There are 2 protein chains.
Amino acid sequence: MWHTDHVQNRDGASVLARAFQLLDVFADNRTTVGLAELARAACLPKATAYRIAGQLVNLEILERSGNRYRLGLRLFEIGTRVTSPRRLREAALPYMEDLYESTHETVHLGIREGTEVLYIERIAARLAPRVATAIGTRKPLYCTGLGKALLAYSNREIVTMAIEAGLRPRTPHTLITAPQLRLALRQIVKTGIAYDREEYALGVTCVASAIIDSRGQPVAALSIAGPTTRFDPDRTAAAVRTAALSVSRTMGPQLAGLGSREPTRATSL
Amino acid sequence: MWHTDHVQNRDGASVLARAFQLLDVFADNRTTVGLAELARAACLPKATAYRIAGQLVNLEILERSGNRYRLGLRLFEIGTRVTSPRRLREAALPYMEDLYESTHETVHLGIREGTEVLYIERIAARLAPRVATAIGTRKPLYCTGLGKALLAYSNREIVTMAIEAGLRPRTPHTLITAPQLRLALRQIVKTGIAYDREEYALGVTCVASAIIDSRGQPVAALSIAGPTTRFDPDRTAAAVRTAALSVSRTMGPQLAGLGSREPTRATSL
DNA sequence: CGAAAGGGTTCGCTGAGTGAAACGCTGGCC
DNA sequence: GGCCAGCGTTTCACTCAGCGAACCCTTTCG
């Protein structure tokens, strides 16, 4: 008989984990993926990827046309059910529309997740598509308007985490030292307004303001972004601040603690 | 020894299927669920539900605060990646905003899935919240404006399916016989406009128009809905039709076949 | 033609997953 | 107080769902 170090499931990953590895392959803008690529990107044997993908298709989580897979509508349905973004969206949208109406620049709504902003909603200016960030994507906290607005009201540990995650210079204007960032955050708390003057990307400027719950915790943030050439953040700062305050008041007590606290980890398993 | 018909996994459901059974528990407006309820609703043994839910929490698919579970942000992220709704949304939103601006009534965007409409996007009128349908939910094709607009351009088999799914009377105005419905659909094709005059719910009226791809397939539909008391569908019919046509043209060839064809079922497994 | 890469299938092995049962805790009820 | 019902959690012996190396068939490309 052969010498068998034939181990099943060499990494300790469960079926479930693998399934979501597959779904994550679609993260980077890939809309349809073939089996081989799927397996490669998810680091799974072809046979395994095939089997799991097949199951996901049966569950209508993936769809399949020809030999290509794409994310299924059922995922969209489940995704829309996630409570916190939905509620926020509902409460903030009217104000976002007002902001858009009065500026015709791109309006964003985001929440903190770990050391990143997760973009929940946006109204994109038709004239500056480059400025807009896709919903459901993330960006670092330290170099975005939304991020800094959220960070300014977060407690010490979170700020430390964000700094430790690394302050990579994205442009010559990015704040890349902890003191710089901390100073900026203090300023934001004073005025209620966060600026991003080409710190994330050259040519893009942004004003943001945090949405705060009744206990002073930052639940989300609103921002307006536009091309530096034509967009004057100081002019709209007050409007953004007002909108954020309005949302805070609208949602009122219903959202106490709805913010992005770190999820309670389950027992090790 | 005991007589053992001790069968493992008594229904033939895989871990994956079970996991999504759990996620489906959150379908009916429940935002947070305890373990016992979760197990009961998903028809799983408590221990199994516990184990799987625990894994999902580790994967950040579920979140847990105290002893209650809720859908995790990662699901939201994945859900936003689903291509077809996203592209549609992107293309249709500007026109939806125009419609809202000129009517101040609720605007909906939906696609067909099976014999139902899946609501993809909406702009809700602030004055008539009752009229608005939540994004990510479904309604039957036969008794909604969006549904009939989609059905009118669908092929024979789909219409038959929709009829066979049952024409339940939801109000006294619901079309409940196949000939009635077929007649209405022919009318819709002629005019490009679908009406729902309190067929789904008393007091709610709606005009809709289909978004058609270059091959004549219905990809989605737009509608405006309002309270019968103040909303005159005839006045806005032309605007809805125009908006739908504009979206069709905007998306142009990029969406050929992006519509909600039935997903290809995988081999039986 | 052969080589490479794609999708799909086979099959014997085994540990990941199973669920009945027991456990400790809390809160309501008599 | 004592009791019970319901909750979340843990245990454990059993076993089949899941595994993946190897293989097959096409298509593509030089």
Side-chain angles (χ1 to χ4, degrees), chain A residues 1-23 25 30 32-59 61-70 263-269, chain B residues 1-23 25 30 32-59 61-70 263-269:
Chain A
M1 199 194 187
W2 293 115
H3 171 246
T4 174
D5 44 11
H6 169 30
V7 192
Q8 177 197 354
N9 203 345
R10 51 163 52 83
D11 44 357
S14 63
V15 207
L16 266 180
R18 286 150 179 248
F20 284 99
Q21 278 175 49
L22 285 186
L23 296 186
V25 172
R30 277 185 274 211
T32 82
V33 182
L35 178 63
E37 191 183 352
L38 203 57
R40 236 181 293 115
C43 300
L44 292 177
K46 238 193 337 172
T48 303
Y50 177 70
R51 207 174 339 108
I52 295 181
Q55 280 189 64
L56 290 173
V57 170
N58 282 333
L59 294 167
I61 297 302
L62 286 183
E63 284 171 23
R64 192 182 156 157
S65 29
N67 281 335
R68 319 231 80 205
Y69 297 88
R70 59 190 152 116
T264 319
R265 290 278 171 172
T267 51
S268 66
L269 247 187
Chain B
M1 198 196 186
W2 292 114
H3 171 245
T4 174
D5 45 11
H6 169 31
V7 192
Q8 177 200 355
N9 202 342
R10 53 162 50 84
D11 45 358
S14 63
V15 206
L16 267 181
R18 286 152 176 244
F20 284 99
Q21 280 175 48
L22 285 185
L23 297 186
V25 172
R30 277 184 274 211
T32 81
V33 182
L35 178 63
E37 191 184 353
L38 204 56
R40 240 180 290 114
C43 300
L44 292 177
K46 239 194 334 171
T48 303
Y50 177 70
R51 207 174 339 108
I52 295 181
Q55 280 188 64
L56 290 173
V57 170
N58 282 334
L59 294 167
I61 296 303
L62 285 182
E63 283 170 23
R64 191 182 157 156
S65 29
N67 281 335
R68 319 231 81 206
Y69 297 90
R70 59 191 152 113
T264 318
R265 291 278 170 170
T267 50
S268 66
L269 248 189

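Please read these numbers as outputs of a predicted model, since none were measured by experiment.
- For the pair Asn58(A) CG and dG18(D) P, the computed distance is 12 Å after rounding to whole Å.
- Counting to the nearest Å, the P atom of dG20(D) and the CG atom of Leu38(A) are 15 Å from each other.
- Exactly one of Leu44(B), Ile61(B), Val33(B) qualifies for a side chain to side chain contact (heavy atoms under 4.5 Å, CB included) with Leu22(B). That residue is Leu44(B).
- Taking only side-chain nitrogens and oxygens, Asn67(A) comes nearer than 4.0 Å to OP1 or OP2 of dG8(C).
- Across its full length, the helix from dC1(C)-dG30(D) to dC30(C)-dG1(D) shows an angle of 30° between the axes of its 5 terminal pairs at either end, rounded to 10 degrees.
- The base of dG20(D) does not come close enough to the side chain of Lys46(A) for any donor and acceptor atom to sit less than 3.5 Å apart.
- To the nearest angstrom, P of dG17(C) lies 12 Å from CD of Gln55(A).
- When rounded to the nearest whole Å, the span between CG of Leu44(A) and C1' of dA21(D) equals 15 Å.
- The backbone N or O of Gly66(B) sits less than 3.5 Å from a side-chain atom of Arg64(B), completing a donor-acceptor pair.
- Phosphate contact (OP1/OP2 of dA16(C), side-chain N/O of Arg51(B), threshold under 4.0 Å): absent.
- Looking at the side chain of Ala36(A), the nearest of the listed nucleotides dT9(D), dG17(C), dG7(C) is dG7(C).
- Of the candidate nucleotides dT11(D), dG20(D), dG7(C), dG20(D) has the atom lying nearest to any side-chain atom of Ala47(A).
- Look at Tyr50(A) and you won't find any side-chain N or O under 4.0 angstrom from OP1 or OP2 of dG7(C).
- For the atom pair CZ (Arg18(B)) and CD1 (Ile52(B)), the distance works out to 6.0 Å, reported to the nearest 0.5 Å.
- Contact annotation: Arg40(A) side-chain N/O to dG6(C) OP1/OP2 distance is under 4.0 Å.
- Note that OG1 of Thr32(A) is 8.0 Å distant from CD of Glu37(A), once rounded to the nearest 0.5 Å.
- The closest side-chain heavy-atom distance from Asn67(A) to Leu35(A) is not below 4.5 Å.
- Contacts of Leu35(A) with the nucleic acid, taken as non-hydrogen atoms under 4.0 Å apart, involve only primed sugar atoms and P, OP1 or OP2.
- Proximity of Arg18(B) to the phosphate of dG19(C): a side-chain N or O atom is located under 4.0 Å from OP1 or OP2.
- One finds the CG atom of Leu62(B) at 13.0 Å from the CZ atom of Arg68(B) (value rounded to the nearest 0.5 Å).
- Leu16(B) has its CG atom 14 Å from the C1' atom of dC19(D), to the nearest Å.
- Between Thr48(A) and the phosphate of dG20(D), there is a side-chain N or O to OP1/OP2 separation shorter than 4.0 Å.
- In this model, the phosphate group of dG6(C) is not approached by any side-chain N or O of Arg68(A) to a distance below 4.0 Å at OP1 or OP2.
- Nearest to the side chain of Tyr69(B), among dG18(D), dT9(D), dT18(C), sits dT9(D).
- For the pair Arg51(B)/Thr48(B), a side-chain contact is recorded, criterion being any heavy-atom separation below 4.5 Å from C-beta on.
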